[in-house]
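Structure first, then comments.
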Amino acid sequence: MSLASLLERAASGGRLSFDEGVRLYREADIHELGAAAHARRMQVYPDDVVTYVIDTTINYTNVCNVHCTFCAFFRPEKHGEGYTMSHDEVLSRVKFAADQGATQIMIQGGVNPELRLPWFEELFARVRREYPDVDLHSLSVSEVVGLSTVEQLPVREILVRLKDAGMKSLPGAGAEILVERVRKRISARKVKPHEWIGVMREAQKLGMPTTATMMFGSIETDEERVEHLDVIRNLQDEMGGFTAFIPWYYVPWKTPLRGKEASGLEYLRVLAVSRLYLDNVPHLQASWLTPGLKIGQVALYYGCDDMGGTILEEQVVHDAGSTNVATRKDIEEIIIKAGFKPVIRDTYWNLRDDVALATA
Ligand code: SF4
């Protein structure tokens, strides 16, 4: 099949095989790839809306026993620069975000074995009690597995207790590239690909919405990027619980692994192939945190229908060397200037007409 026919089929929702995905990734002209991804996005969401969520990321501890080589954020146990916030500190950050209209709070950190399950249950219950209007889209597969290990309890029980305490959905963090060869090099002590899938499956069985991420640009090959997409597509066929796919690229500047940063075109290529390959994941999220606002804006023509979050604070990516920051007004303006209408959403993609736009 010619590349043009392949793009045409993918743009109208035809499923790509693994080999076809690799071929499009490697050989398709970037503009034609983007046009196909945008056509598919407009077919699925024919209006001119681009959503975003007002959110914050609270990195409650940097102590971590996983030691990923791509991470500049963590400190090993007993390290002088390790920190863990008190519940009051976390709550004051939740207040700061809620006062600015946040509807989503991401509480995420290292895998700190000193923090036991009741610590999280009490924290989440307090957030739910004091800020009932914000959704806890929090922790990661690694933290859930870490809790399962220290508590000697099955993952399912950990998730049930976190959910009962108020954790409404599980972010896709920690996926990186779900291929064993890559993980052995960049995160050898982290959960294996099948464990990441297993935790997501359990969360989805419990009715928790989840997202899927991909951190690309470290050491993986083109095939391994598509293999990652394939893993996500297979689980989505089985369970259907991913609301969105969020690719972002590795920031190498201050990490032990180092290496080079992906280019803007490489980011756009990954987005476009993601939109076409993941024919069963509803939303594709653009990011401004690593590529910056201008590339984030262009991403809206490479298959994305969502601009992600305001991320009122964040430590992990900034510790790796990213210097990007954005206000709500900045995010809305790049959406408007790209020819779309910004609409605020919550964690479940409910449109929040009750929260005023910053540019209103
Ligand atoms: S990426 Fe997460 S799990 Fe890995 S070292 Fe950093 S904080 Fe720990």
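In listed order, ligands and their atoms are each counted from 1.
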For ligand 1, which atoms sit closer than 4.0 Å to a heavy atom of [X]?
X    : result
C68  : 1 (S), 3 (S), 4 (Fe), 5 (S)
G110 : 7 (S)
V66  : 3 (S)

- Message: Under 6.0 Å between ring centres: does that hold for H79 and F74?
- Response: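 Centroid distance H79-F74: not below 6.0 Å, so no.
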Judged by modelled atom types alone, do E89 and Y60 share a side-chain donor-acceptor pair under 3.5 Å?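 No, because no side-chain N or O of E89 sits under 3.5 Å from a partner of the opposite role on Y60.
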Practice item. Using the salt bridge (Lys or Arg N to Asp or Glu O under 4.0 Å) rule, pick out the option among R161, R116, R128 that qualifies with E121. Key: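 It is R161; the other options fail the test.
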- Would you say the side chain of R328 lies within less than 4.5 Å of the side chain of I344, judging by non-hydrogen atoms?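 Result yes, sub-4.5 Å side-chain heavy-atom pair found.
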Nearest protein heavy atom to atom 8 (Fe) of ligand 1, by residue and atom, and its distance?
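So the nearest neighbour among protein heavy atoms is C64 SG, 2.3 Å.
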Which residue and atom name correspond to the protein heavy atom nearest atom 2 (Fe) of ligand 1, and how close is it?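 Going by distance alone, atom 2 (Fe) of ligand 1 is nearest to K190 NZ, 4.2 Å.
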| Mind checking what makes side chain to side chain donor-acceptor pair (under 3.5 Å) contact with E227, not counting sequence neighbours? |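 Result, side chain to side chain donor-acceptor pair (under 3.5 Å) vs E227: none returned.
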- Message: If the cut-off is 2.8 Å, does any N/O/S atom of C71 fall short of it from atom 6 (Fe) of ligand 1?
- Response: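 Yes, since at least one N, O or S atom of C71 sits under 2.8 Å from atom 6 (Fe) of ligand 1.
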Quiz item: Cationic tip of R225 within the cone over Y25's six-membered ring, i.e. under 6.0 Å and within 45° of the normal?
Solution: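 Here R225 fails the 6.0 Å and 45° test against Y25.
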* Using heavy atoms and a threshold below 4.0 Å, how should the contact between H67 and ligand 1 be classified: side chain, backbone, both, or neither? ->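 For H67, only backbone atoms sit under 4.0 Å from ligand 1.
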